[in-house]
Protein chains: 2
Amino acid sequence: MARIKPHKNGTKKDLITQKAAALFRLKGYSSASMRHLAEEVGVEAPSLYNHIGSKSEILQAICFKVANAFTFYLDSIDIKYAKCTTLLESIIRFHIKMMLTSFNEVYVANHEWKHLKEPYLSNFLMQRRAYEKRLMEIMEAGMQAGELKKTNAYISVLTILSAVRGLEFLPARKKDISNAELENNMVNHLLKGIIK
Amino acid sequence: MARIKPHKNGTKKDLITQKAAALFRLKGYSSASMRHLAEEVGVEAPSLYNHIGSKSEILQAICFKVANAFTFYLDSIDIKYAKCTTLLESIIRFHIKMMLTSFNEVYVANHEWKHLKEPYLSNFLMQRRAYEKRLMEIMEAGMQAGELKKTNAYISVLTILSAVRGLEFLPARKKDISNAELENNMVNHLLKGIIK
DNA sequence: CATTAAAACTAATAATTGTTAGTTTTGTTC
DNA sequence: GAACAAAACTAACAATTATTAGTTTTAATG
């Protein structure tokens, strides 16, 4: 039988993971069957196991790829010496970019993490919590420096993260909004509000 | 065998629906089995079918109960004669209250609607789209009246709805934040921003 | 106490699930 | 072209799924 070539610069495992992300987003992890995934890949279900260990291993790969991307971004920006508002703006923009460029993966990480098995579930939640904590520290520094209003930092972080997460609804709506307009609108809304 | 009494002022169907909402939230609709639900209710699985028609019927009940609650609230407030910012504030506060008082149901409606069957799936999406459209009209009126900055109304509505939706993470964190503090922080953030 | 309807039970069904075992095909290297 | 490993295949497994059929128990009514 004909072999399906993996995409250029990617192993077959990568192809499977990518198709799985699309399928998991569409159907949800539990409702997405290995047979259905195999069909998308162009192969019979048992053949998948020549490349992957298990269904849940695919989910792990997706969730941690996303989680690591956010963690690494935070590592990459110089938190100590930048203005808090500049930091927050760049973080918001990064979240929006991730949502637009890795839609399926981010969606799956946001929605299907609860189906991770231990110890991956705990690790994932710990990593997310640590990420939120770092954002809270940025906010609190901003308040002390007088850049930000005094608010409950946790609620503010939650508000920002949830808002950008909501971009998962955008593709379904097919609004023609440029990425720049999208980013600017959200950044302004979340930082300066909407009241004149 | 002993019958399990339904909660006071509620039929057994109501009890099943309530337990189902908790289970669907915890496990996801697909991973939640009727046997597990039956166990929560205190009964064998087939006995559930004396009260309900099917598993997906339960999901329908939950999703539309939530959708209707939001639709009815918008109907109940006098959109024409109130200031736009007052309207938005009361709507945000209602969303937060719903999230706090009907946590499981709102969570399930937000996360598991994709498992609805037709025509309920289409109806649900239409109803949500119509709701968003009404919010957009409120925002656009506010811009024309000079109350609000000129922004992309869809993005602003999406930002607000997503932000309040994010309260689904709150219970897991067990932060001790009063409802009043929570509401005020979010309302201020979403309307006036966080920059001093 | 007899009757009756609601609601519990047990047993079973057909379908689908992730995954394994064992076999054959493929494509590359000598 | 022979050899070999990678990766496809078929067949099958045991477990779990929602749901139905048929029977018994419960609790309230007369």
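Letters A, B, ... mirror the listed sequences (proteins, then strands); counts begin at 1.
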Using atom types as modelled, flag every donor-acceptor pair under 3.5 Å from a side chain in residues 98-109 of chain A to any protein atom, sequence neighbours excluded.
unit_1   : atom_1 : unit_2   : atom_2 : d
A:Thr101 : OG1    : A:Lys97  : O      : 2.9
A:Asn104 : OD1    : A:Arg25  : NE     : 2.5
A:Tyr107 : OH     : B:Lys114 : NZ     : 3.3

Return a table of donor-acceptor pairs under 3.5 angstrom between the side chains of residues 31-43 of chain B and protein atoms on other chains or two or more places apart.
unit_1  : atom_1 : unit_2   : atom_2 : d
B:Ser31 : OG     : A:Ser30  : OG     : 2.4
B:Ser31 : OG     : A:His115 : NE2    : 3.4
B:Ser33 : OG     : B:His36  : N      : 3.0

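To the nearest angstrom, C1' of D:dA7 lies 15 Å from NZ of A:Lys13. The distance between atom CG of B:Leu59 and atom P of D:dA18, rounded to the nearest whole Å, is 13 Å. Between B:Leu48 atom CG and C:dA7 atom C1' there is a gap of 11 Å when expressed in whole angstrom units. D:dT17 atom P lies 11 Å from atom CD of B:Glu39, rounded to whole Å. The nearest whole Å value for the distance from the NE2 atom in A:His51 to the C1' atom in D:dA7 is 6 Å. At whole-Å resolution of the value, CG in A:Leu15 and P in D:dA7 are 13 Å apart.
Listed candidates were C:dA8, D:dT10, C:dT10. Nearest to the side chain of B:Glu44 is C:dT10.
Partners of B:Tyr120 under the ring pair (Phe, Tyr, Trp, His ring centres under 6.0 Å) rule, at least two apart in sequence or in another chain, do not exist in this structure. Scanning for side chain to side chain contact (heavy atoms under 4.5 Å, CB included) contacts around A:His95 gives A:Phe70, A:Ile91, A:Tyr131, A:Leu161, A:Val164, with sequence neighbours left out. Looking at residues two or more places apart in sequence or on another chain, you find a ring pair (Phe, Tyr, Trp, His ring centres under 6.0 Å) between B:Phe24 and B:Tyr29.
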In B/S/- notation, 5' to 3', how is nucleotides 14-19 of chain C contacted by protein heavy atoms closer than 4.0 Å?
---BBB
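For the 3.5 Å distance criterion, the side chains of B:Glu181 and A:Asn152 qualify, holding a donor opposite an acceptor.
Not a single donor-acceptor contact under 3.5 angstrom links the side-chain atoms of B:Asn50 to the base of C:dA6.
Of the side-chain N and O atoms in A:Lys12, none sit less than 4.0 angstrom from OP1 or OP2 of D:dA6. At least one side-chain nitrogen or oxygen of B:Ser47 sits closer than 4.0 Å to the OP1 or OP2 atom of C:dC9.
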